Amino acid sequence: MILLAIALSILAFYWIVDIQTQVPEEIKQKCELEIKQYKNRNIFIVTPKNKEKSEIKIIYFHGGSYVAEATKGHWDFIEKIVNDTGATVILPDYPLTPKYNYKDVFEMIEPFYKELIQKVDQNHLVIMGDSAGGGLALALEEKASEEDLPMPGKTILISPWLDVRLTNPKIEEVQKRDKQLNKETLKLAGIAYAGEEGMNSYLVNPVEGDLSKLKNIIIYTGTNDILNPDVYVLKEKAENVGVKIEIKEYEQAGHIWMIEKNSSQELEEQAYQAILDDLREW
């Protein structure tokens, strides 16, 4: 009950205040940063400061239960990727719930993707996302595939939130080990994000979307994360339509562990190095 009360208080705060992502000063010192406006929201473009740029362009959707802005942990993670790979990371500061819902989010990110895909080489385009951002990334690709838009060359999802309804019976067992996420409080954010009409929409629950045109999807997931069971539901559905999803599962790793630093350093380093390998292999 205490957790639910806290969650409701947080949602009430976000209903009043239109939170937008801020960039830590140290990131500005370590990377080149450009901020563009798109539909009255910021688009952050991060490039390496002291390293040659590679051809890789990454659209990154941050997590935060669709409620919270990008954190310092996200920025630190992005800075490392940029400077370790030479990639350009594009971070859309999408609208947050409960002030906005999924329709508002897609009114921003769908046309943005349509415009970007015309300007970049899709074979060197990566869509990445963690947690809610991972669900958003997958839903965007499903929506884009409906319109036969080009798909990115690679998709990397980190602990993705694939079904806000959280009805998978296996979640209850994992909840005993998950020290970060709570099913009931998370569901409140999902309800707010879905709004009145979206609770069963694939744009909110990409586990329900059409996967048949998607390709080169890699998912990082930890066994101590309540979102882990739905990864295997997605994998099975993908296989049923002939699409392979590569799952990289880490025993005893928590939710977005390489960003939140909630697991062992060894697990963090293993996963981060694997992500670097994924970004370098084309």
Side-chain angles (χ1 to χ4, degrees), residues 4 7-8 10-11 14-15 19 39 41 59-70 92-114 127-147 149 151 155 157-171 181-214 217 219 221 225-238 241 243 245 255-256:
L4 286 174
L8 287 170
I10 293 172
L11 286 174
Y14 276 86
W15 181 269
I19 299 293
K39 293 187 178 294
R41 305 291 300 187
I59 304 175
Y60 194 98
F61 293 105
H62 69 83
S65 307
Y66 297 112
V67 175
E69 69 277 20
D93 191 24
Y94 60 87
L96 299 172
T97 200
K99 193 175 184 68
Y100 304 98
N101 63 32
Y102 79 100
K103 292 182 179 179
D104 302 300
V105 173
F106 274 85
E107 284 178 3
M108 176 196 179
I109 66 169
E110 186 181 358
F112 174 72
Y113 180 76
K114 287 180 179 178
I127 292 186
M128 289 184 70
D130 70 272
S131 193
L136 181 55
L138 185 62
L140 174 62
E141 290 186 29
E142 292 169 346
K143 185 70 167 66
S145 74
E146 276 188 351
E147 302 179 34
L149 295 175
M151 291 290 100
T155 301
L157 309 178
I158 303 169
S159 303
W161 192 10
L162 301 170
D163 189 340
V164 304
R165 298 165 298 190
L166 297 169
T167 55
N168 190 323
K170 294 181 180 180
I171 289 174
L181 299 181
N182 177 273
K183 173 184 170 181
E184 297 307 320
T185 55
L186 200 58
K187 283 173 69 174
L188 291 176
I191 290 169
Y193 180 63
E196 295 182 1
E197 304 172 359
M199 205 57 195
N200 294 310
S201 170
Y202 79 87
L203 296 179
V204 176
N205 309 295
V207 72
E208 300 287 3
D210 181 3
L211 304 168
S212 62
K213 297 179 183 178
L214 276 54
I217 299 174
I219 299 181
T221 182
D225 178 359
I226 61 171
L227 305 186
N228 171 273
D230 282 332
V231 168
Y232 288 92
V233 175
L234 183 76
K235 179 180 173 65
E236 182 178 356
K237 290 190 174 187
V241 293
V243 173
I245 292 180
H255 183 63
I256 60 170

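FYI, the numbering just counts along the sequence from 1. Given the structure is predicted, the values throughout are model-derived calculations rather than measurements.
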query: Given the rule in the side-chain contact (heavy atoms from CB on, under 4.5 Å) test, do F61 and I127 qualify, once you have shown the distances and angles that lead to the verdict?
result: CA-CA 8 Å; F61 293 105; I127 292 186; 4.2 Å; yes
message: Does V233 form a side-chain contact (heavy atoms from CB on, under 4.5 Å) with N168? I'd like the steps, not just the answer.
response: CA-CA 9 Å; V233 175; N168 190 323; 3.5 Å; yes
Verdict with supporting geometry, T155 and L214, side-chain contact (heavy atoms from CB on, under 4.5 Å): CA-CA 9 Å; T155 301; L214 276 54; over 6 Å; no
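Checked against salt bridge (Lys or Arg N to Asp or Glu O under 4.0 Å), E208 has the following partners two or more places apart in sequence or in another chain: R165, K237. Partners of Y202 under the side chain to side chain donor-acceptor pair (under 3.5 Å) rule, at least two apart in sequence or in another chain, are E146. Considering only residues two or more places apart in sequence or on other chains, V243 meets the side-chain contact (heavy atoms from CB on, under 4.5 Å) condition with A238, V241. Listed by chain and residue number, nothing satisfies the salt bridge (Lys or Arg N to Asp or Glu O under 4.0 Å) test with K39 (two or more places apart in sequence, or in another chain). With sequence neighbours excluded, the residues forming a side-chain contact (heavy atoms from CB on, under 4.5 Å) with K183 are L166, I171, E172, Q175, K187, I226, listed by chain and number. Residues that satisfy the side-chain contact (heavy atoms from CB on, under 4.5 Å) test with E196, not counting sequence neighbours, are absent from this structure. Listed by chain and residue number, E239 satisfy the salt bridge (Lys or Arg N to Asp or Glu O under 4.0 Å) test with K235 (two or more places apart in sequence, or in another chain). With sequence neighbours excluded, the residues that form a ring-ring contact (aromatic ring centres under 6.0 Å, His included) with Y94 are H62. N228 is linked by a side chain to side chain donor-acceptor pair (under 3.5 Å) to T221, E249, counting only residues two or more places apart in sequence or in another chain.
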Just distance, no hydrogens or angles: give the donor-acceptor pairs under 3.5 Å from side chains in residues 130-140, sequence neighbours left out.
{"unit_1": "D130", "atom_1": "OD1", "unit_2": "Y60", "atom_2": "OH", "d": "2.8"}
{"unit_1": "D130", "atom_1": "OD1", "unit_2": "G63", "atom_2": "N", "d": "3.2"}
{"unit_1": "D130", "atom_1": "OD1", "unit_2": "H74", "atom_2": "NE2", "d": "3.2"}
{"unit_1": "D130", "atom_1": "OD2", "unit_2": "G63", "atom_2": "N", "d": "3.2"}
{"unit_1": "D130", "atom_1": "OD2", "unit_2": "H74", "atom_2": "NE2", "d": "3.1"}
{"unit_1": "S131", "atom_1": "OG", "unit_2": "H255", "atom_2": "NE2", "d": "2.7"}

Output side-chain donor-acceptor pairs under 3.5 Å for residues 101-109, partner residues at least two apart or in another chain, one line each.
{"unit_1": "N101", "atom_1": "OD1", "unit_2": "K103", "atom_2": "N", "d": "2.9"}
{"unit_1": "K103", "atom_1": "NZ", "unit_2": "E197", "atom_2": "OE1", "d": "2.6"}
{"unit_1": "D104", "atom_1": "OD2", "unit_2": "N101", "atom_2": "N", "d": "2.9"}

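Scanning all heavy atoms of the two residues, the minimum distance from L96 to V67 falls at CD1-O, 3.3 Å. The two atoms that bring I245 and I219 nearest to each other are CG2-CD1, 3.8 Å, heavy atoms only. K213 and M151 get closest at one heavy-atom pair: O-CG, 3.6 Å. Counting all heavy atoms, side chain and backbone alike, P206 lies closest to V204 at CD-O, 3.4 Å.
Atom CG in L157 sits 7.5 Å away from atom CD in E141 (nearest 0.5 Å). The distance from the CG atom of N205 to the CE atom of M199 is 6.5 Å, given to the nearest 0.5 Å. Atoms CG and OH, from L186 and Y66 in turn, are 10.0 Å apart once rounded to the nearest 0.5 Å. Remark: I158 CD1 to L227 CG distance equals 13.0 Å, nearest 0.5 Å. Of the inter-residue distances, the one linking L188 atom CG with S65 atom OG reads 10.5 Å to the nearest 0.5 angstrom.
Residue-environment remark: NZ (K114) exceeds the threshold of 12 foreign heavy atoms within 6.0 Å.
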